Amino acid sequence: MRFGFYPKLAIVTIRKNRKLYLPYILTCIGMITMFYIISSLCDNPLYREMGGGGSLNMIMHLGQFVVAVFAFIFLFYTNSFLVRRRNREFGLYNVLGMDKSRLATIATWEALIIGVISLVSGLFLGILLSKLADMGLMKVIRHETTMDFRIPYIAVVMTLLVFVVIFLVILVSSFIKIRRTNALNLMNSENVGEKPPKGNFLIAVTGIILLGGAYVIAVSIKSPLDALSVFFIAVIMVIIATYMLFTTGSVTLCRVLKKNKGYYYKKSHFVSVSSMSYRMKRNGAGLASICILCTMVLVVLSSTVSLFIGSEESFKTRYPMDLCYEINAPKGDKLSDDSISKVRDMIDEELDAAGLNPSSVLDYEYASFYGNLDGSNLKFENPEVGVRLISVEAYNKMTGKDLQIAADAALVTCIRTEYNQDKIKIGDSREIRIIGTADDIQTKGIFAADILPSIYLVVGDFDGVLDELNSTQSKDFSIVFMCADSWSYSFNVDGDIETQLKMHETISDKLGKMNDQDLFNSYSNECAEKVRDDFYESFGGLFFIGVLLSIVFMFATVLIVYYKQITEGYEDQKNFQIMQMVGMNKDDIKKSINSQVLTVFFAPLIFAVLHMSFAFPLIWKMLQMFNLYNLTLIIAVTVITIIVFGLIYAIVYKITSSAYYRIVAER
């Protein structure tokens, strides 16, 4: 045959099957566009020069990796819809005399044409939209954008490399399928229904147990740190359970509906249920995939939008004061009053020199250590909770109260955990009675950066408790768990940002010199304005990536829904044609299609909302690690996200079901 025969045949095939190929090509273009945009942002030197450029760049690279992995899995998966539809055509070519090597040549040309169109169009759109994405990201992270336009060659090369590999893997997979299948199987592949999976009851029970276990994990987590450690385990359990329940659930559902004669033997139900019954396993897998993608969209979008909207609140929780300075004694020792006085005087002198007046001053000594709680026993091993000891004098100074607390008593308050015991025994040496709560204590600031839950104890005998702890710990426990004495000095100032930053640098330099003089063991210094850009760049970057990934997941959802409708439309076409011959009209066909919609299609969305509902406590705990405690905001964002996505889902199905109807209604 002439060389031009195969390319022409491939082009004609793509054009005649445009209902199948056009959505696939558009999705390839969309994936390539998304990947190029995020790759160009990764390579933008402007972000690396920002105050928070390091964290923003890391977030962009993480998003790049996720998009690449998802594009590989998703395009490979959706290509199977195309292969299944093309098998009959390849079988006909084989019967007419084409051997498998020539079928592979046709597949190669098709893959080459699709790959070239997708890469050229995707890169063109990516380059065209990359500046718009750059401007959007700069707006989100509250930076001014520049109008210069650049095409980073690294982003182009990376995009070409990733998607050429993806297309090659898909092509090799097609070769393997062609080689392993004979002409008769290819001709009949569309008409071969999948047998119901064996052991339905066992699989269904296993799926219910897995899903129930994941739900129990999600609602029973108390600590944000525990939420982080079990999140991915719970996600894997939910994914496996969803596939089990949808594949076996569709089997069971069809059997139940068939046994219900009043439901099954109706024109609006008969064809849809009977056609689903022989392809129920594959139908369930497709619905499970849609469900997982819907859940991913809801989780990612609601979380990142909540973080973005609540970023100012999170910032104020982490940095409640403009400036904060702390000095620490060696573990096991105590700070001297002389060291505290010298540092305080130095800071006050610099404030006076800069003409700044401090306000909302917090000046207190505290001690901290880590351990784990076993009921009311606090042990110095396996750190799971942080403990902060504060004297009643410091508490009174902080809150303006005038409380008296006995030497064996304390007030308690907690961050990211709960404590409901009437006493607490620290190690083997000290038992302290809990006489009340101290909810008005300052728990924001540097403590909020600790990912472990924290317990604050306002004690009546600070020095005695500290000395006893240090004496006990030094004998039996590692230095890691020993108590550290610290002094904190934080306040707001009324000067402009430039003056604040300059004075902060001066104080930091002097703290370093005082540390060299062994006045204290270590120190920390924080300026809210210095880290503000870094903070908003991190939250803005997460929001940007969340929106980008949500768009990618929605791409996937739409395409799977479309191919599900198209492939099932062609499979159901003959059944509906037969039913039309015996009296079913187009109105009856529409009713039957609507029956199928109500029967199975909205099940993925319902399950996705159910997954999201049970995952909410887990997500809420994880968002607390970002110092976002506004539960009302998170609930509102989640509900709005579900409503908006539900409307989009319904619109997508309305459009794709129309395509299904046009196919099955053809004579």
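Keep in mind that this is a model prediction, so the values were computed, not measured.
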For [Y], is there an ion pair with [X] - N to carboxylate O distance below 4.0 angstrom?
X	Y	value
K397	E365	no
K316	E313	no
D509	K513	no

Looking at [Y], is its backbone amide N or carbonyl O close enough to the side chain of [X] to form a donor-acceptor pair, meaning the two atoms are under 3.5 Å apart?
X	Y	result
S302	V299	yes
D374	N377	no
D485	A329	no
S311	F308	yes

Working note: L356 + D494, criterion side chain to side chain contact (heavy atoms under 4.5 Å, CB included); need CA distance, chi angles, decisive distance, verdict. CA-CA 6 Å; L356 298 176; D494 54 3; 4.1 Å; yes
From CA spacing to verdict: side chain to side chain contact (heavy atoms under 4.5 Å, CB included), S488, L362: CA-CA 7 Å; S488 176; L362 285 176; 5.9 Å; no
Gap separating the [atom1] atom of [X] from the [atom2] atom of [Y], nearest 0.5 angstrom:
X	Y	atom1	atom2	answer
L211	L610	CG	CG	7.0 Å
M622	L307	CE	CG	10.0 Å
I634	I309	CD1	CD1	10.5 Å
I239	I292	CD1	CD1	5.0 Å
Y319	S314	OH	OG	11.5 Å
M346	L519	CE	CG	10.0 Å

Quick one: closest heavy-atom pair of [X] and [Y], and the distance?
X	Y	answer
V637	T641	O-OG1, 2.7 Å
S360	M321	O-CE, 2.9 Å
Y419	G375	CE1-O, 3.9 Å
F520	L511	CZ-O, 3.5 Å
I455	C414	CG1-SG, 4.1 Å
M237	A214	CE-N, 3.5 Å

Between F614 and Y215, what is the ring plane arrangement, given parallel below 30°, perpendicular above 60°, and tilted in between? parallel
Centres of the F539 and F535 rings: under 6.0 Å? yes
Y366 and Y456: aromatic ring centres closer than 6.0 Å?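 Between Y366 and Y456, the centre distance exceeds or equals 6.0 Å.
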Taking atom CG of L501 as the centre, does the number of heavy atoms from other residues, nucleotides or ligands within less than 6.0 Å exceed 12? yes
With a cut-off of 6.0 Å (strictly less than), are more than 12 heavy atoms of other residues, nucleotides or ligands near CG of D337? no
Contact between [X] and [Y] at the side-chain level, heavy atoms closer than 4.5 Å - yes or no?
X	Y	value
M503	L323	yes
P604	F246	yes
L466	V459	no
L542	F626	yes
M554	V297	yes
I347	F491	yes
N525	H504	yes
M612	I619	yes

Give the C-alpha distance, both sets of side-chain angles, the deciding distance and a yes or no for side chain to side chain contact (heavy atoms under 4.5 Å, CB included) between F616 and I635. CA-CA 9 Å; F616 185 83; I635 291 175; 3.5 Å; yes
Partners meeting side chain to side chain donor-acceptor pair (under 3.5 Å) with T295 (sequence neighbours left out):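 Scan of T295 (side chain to side chain donor-acceptor pair (under 3.5 Å), adjacent residues dropped) gives none.
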Looking at residues at least two apart in the chain, or sitting in another chain, which of them share a side chain to side chain donor-acceptor pair (under 3.5 Å) with S336?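 By the side chain to side chain donor-acceptor pair (under 3.5 Å) rule, S336 matches S339.
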Report the C-alpha distance between F607 and T242 in whole Å, list the side-chain angles of each, state the deciding distance to 0.1 Å, and finish with yes or no for side chain to side chain contact (heavy atoms under 4.5 Å, CB included). CA-CA 9 Å; F607 264 81; T242 300; 5.6 Å; no
Just checking, any donor-acceptor pair under 3.5 angstrom between side chains of [X] and [Y]?
X	Y	result
N328	S522	yes
Y325	S508	no
Y489	D348	yes

